[in-house]
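Everything below concerns the one structure shown next.
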Protein chains: 2
Amino acid sequence: MTSGRRPTLEAVAARAGVGRGTVSRVINGSPKVSPEAREAVLRAIDELGYVPNRAARALVTRRTDTVALFVSESEERVFGEPYFAGIIRGISAGLADTGLQLLLVIAQSEDEHARFERYLTGQHVDGVLLISLHGGDPLPLHLEENGVPTVLGGKPVGVVPVSCVDADNRGGARQAVEHLIGLGRRRIGTITGPQDMQVGVDRLNGYHDALTAAGLTGPIVHGDFSEESGERGMLELLAREPELDAVFAASDPMAVGAMRVLKDRGIPIPRQVAVAGFDDSSTARHTDPPLTSVHQPLEAMGREMARLLVARIRGEELERPVVILDTHLVARESSLGSARSGGR
Amino acid sequence: MTSGRRPTLEAVAARAGVGRGTVSRVINGSPKVSPEAREAVLRAIDELGYVPNRAARALVTRRTDTVALFVSESEERVFGEPYFAGIIRGISAGLADTGLQLLLVIAQSEDEHARFERYLTGQHVDGVLLISLHGGDPLPLHLEENGVPTVLGGKPVGVVPVSCVDADNRGGARQAVEHLIGLGRRRIGTITGPQDMQVGVDRLNGYHDALTAAGLTGPIVHGDFSEESGERGMLELLAREPELDAVFAASDPMAVGAMRVLKDRGIPIPRQVAVAGFDDSSTARHTDPPLTSVHQPLEAMGREMARLLVARIRGEELERPVVILDTHLVARESSLGSARSGGR
DNA sequence: CGGGGCGCAGAGAGCGCTCTCTGGCCCGGC
DNA sequence: GCCGGGCCAGAGAGCGCTCTCTGCGCCCCG
C-alpha cells in the first residue's frame, strides 16, 4: 500500500509543481498564497495522502503540539475513578479541535514523579494539566519557572496558582449542610477530607459556613476520603455525639462507610441520622438508601482546564485565570424522608 | 535559571571534551565507549541538566517512543468508568519503565474516529492500543496494514486479531450461572450484552455452557449493557417466564436495572429471584442487596496489553499473541441467602 | 622491529520541516 | 516609457539528533 516511505513535503511540492515553501504555507494557512497554487497543493496532498511529520515540525518550531495530563497517583485513594474519567472526557473534548494531543502521565511512585518533572520541563510538551495535586507539591512552580504553562485541576493548598479550575467545594458543602438544617437537623457532624488538600479544607469551611449561619456547632472528625476512613469517622462521631441526627461526609466513599456503620448499629437512615456525601458518583445512586450528594460538573471542569491551557499556550492574557464552577446538591433518600422528631 | 535555551548534545560534547558521536553513544547505551569518556560525558550531562530532544531523535530514528491508547467513545454506554480507569492504570504501569509515552486519544464522534485513523497511520506513534472496539471496525486492520503494531483490549467480533488481551468472559459467565444452578435455581434467564460485540457473545455463550451442562434451558433477552436496557430486559423476562428464579445480567448496570424492576414489583432478592452481574464494579458492592458479580482483572489486562505491544514494537516474536486472563466470581447477597423453595 | 587488526572517537551527512531572504513579475505613477 | 513598490514563489540554511564511515592509535603476533 504505502510504497516504502510516506510522502514528504518535498514530494508534494514536486507533484504540485511548486516549491517546498509554498506547500508549507498552504499547510500552515498562510494567506500569502495564490488560489491556483493553493489548489494545486491541496490536490497533491490529497492524491499522495500526505501527512506532515510532527517530529520535523516540532524540531524547528520548538512546539510539540502536545500537552500532558499529569496525575500523581501515589496514594490511590485520592484518585476516585468517576472523577478521573469525567475530567478526562472534558479535557479530551476541550482539546479536540485545537490540534493538540494529550499525553497521559500517571506517576505511581515518588521516583516516577521526579522523573516526569524532568521530562515535562524538558521541552517535550507545550503545557501541562495537573490534577489531584498534593499539598505543597512544588511541581507547578517548577514548571512555570521553566516556562511551561500549567493549569491546575483543584486549587493547591497555600500558594495562589497562575491558573486553575476548581469546583465550588465550599459552596457545595454549604448547600449540603443547609439542606440538612432545612430538614430540621440540629446536631450535624462532619467527616472531613485530608486537610493538606485544599478540597478537604474547602468542604470543611462550607460545613462551618452553614452551621455558623444557623447558629449551630457540630462535631468534626477527620478522614482521608476513603470508605474505610468513613467507617472510622462515623464510629468516632457516634461516640462523641450520641444525639447526632445528621452527618455530612466530604466524599461519597466516606458517606458509604458511614452508612455501613449506621446500618450495623441498627440506626435508621434518614429517620435517626441523615447522611450527605460529596461527588455524586454513580455509587451514590445505588446505595441503600440512595445517597444525597453534591454534584460537581466534571466534564465542564475538564473542558475549562483545556480552554485555559490552550489560551496560555497561545500567549493570550487570561481575563480570569482561576475558574470556579458551580456545584449543586442532588437530594436523595439518605436525607429526605421523615426525621425522628417529625416522624409519624 | 535556564539561560535562553536548553543545552544540546553539542554543548555536552564540548563540555566533556569529546565529539557528538560519543555523547550519542553514551546516551543510547552503546558499549563502544571507553569508561573515561563515558564518565566525562555523564558528568557533563549532569552539570548541564541536559535532556535529549525527542523531536530531533524521532526525526532521524523514525520512532516516536510514543504509543496511543485509542478509545472509541461514540456510544458512551459501552465505556464503563471502572473499566476505563482500571485498564489505564495497568497500561501506565506496564509502560512505566519502557521509556514509552502514552498518548490518550478519545474519539467522541465518527468524524474524530476518521481523523485519528489518519493520524495514527501517519508515523506519529510506534504502536496503538485499542479498547472498547465495536463490531467490524476496520481500524485495527488498517493500522496493521500500515505497519503500526496494534494490540486490542477485548476480542473483536469475527476476525482473528494479530494480538489481543481479553478477560475470560465465557468462563466467567459460566461460573456465575453455575453458581446460580448450584444454589438450586432452575429457571435462569439472562439479559445479554450487544451481540455485535464479542464480549456480549462470549458472556451469552458462557450462560449457555452452564445451562447445557446442567440440562437446563432459559429465556434470553437482549440488552446493550446499560442500566435502562437492564430494566427493559427484566420486564420482558418476567413477562416471558413468570416462574423465573434467577437472572444473569451480562453487565453490572444491567443487573442494577433488573434489581430495580424486581424491587418495584415487590419480588424479593434473592428469595424469589437471585441476580448476578458482570464486571464487579464498585457499584456492585453498594447495591441493595450487594450484587454477585464476575470480577475481571482490569489492571492486569492493561499491563498485559502494554507488554504485548512493547514486544511487538521491539520486533520480538510473540509466543502467545492472544492472552485471555482469568475471571472469578464474587458472590454476594443478591444470589446467596435462601431461595423460595428451600425456605429459610 | 614491523605490519595487520581491532576498538574507540570524530566528522559529515541528512532526517522533514519552517522561516528568512532574495528574486521575479506585474501594476501603477510620473 | 521607465522606475519603484508590492506580492507571491523558491532557494538556502538550520533545528538537534543518529548513523555511517573514516581514521587514528594501540596492542599483539610473527
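Numbers restart at 1 for each chain; the letters A, B, ... are given by sequence-line order, proteins then strands. Excluded from the calculations below are hydrogen atoms, water molecules and symmetry mates; all remaining heavy atoms, backbone and side chain alike, are included.
Nearest-nucleotide positions on DNA chain C for A:Glu10 and B:Val33 put B:Val33 closer to the 5' end. Of the two residues contacting DNA chain C, namely B:Gly19 and A:Arg63, the nearest-nucleotide position lying further toward the 5' end is that of B:Gly19. In this structure, B:Ala55 and B:Gly21 both approach DNA chain D, and ranking their closest nucleotides by distance from the 5' end singles out B:Ala55.
Think of the region where chain A sits on DNA chain C: with heavy atoms and a 4.0 Å cut, that region ends 5' and 3' at C:dG16 to C:dT18.
Applying the ring-ring contact (aromatic ring centres under 6.0 Å, His included) criterion to B:Phe116, with sequence neighbours excluded, gives no partner residue.
Among the atoms of the strands shown, only primed sugar atoms or phosphate atoms (P, OP1, OP2) are found under 4.0 Å from some heavy atom of A:Arg62. Looking at heavy-atom distances under 4.0 Å, A:Ala37 makes contact with sugar-phosphate atoms alone, never a base.
Remark: the backbone N or O of A:Leu139 is paired with a side-chain donor or acceptor of A:Asp137 at under 3.5 angstrom. With hydrogens and angles ignored, the 3.5 Å screen pairs no side-chain donor or acceptor of B:Arg20 with any backbone N or O of B:Val12.
The CD1 atom of A:Ile324 sits 5.5 Å away from atom SG of A:Cys164, with the distance rounded to the nearest 0.5 Å. Summarising the geometry, atom CE belonging to B:Met305 is positioned 4.5 Å from atom CD1 belonging to B:Ile91; distances are rounded to the nearest 0.5 Å.
Side-chain atoms of A:Asn53 and B:His124 include no donor-acceptor pair closer than 3.5 Å.
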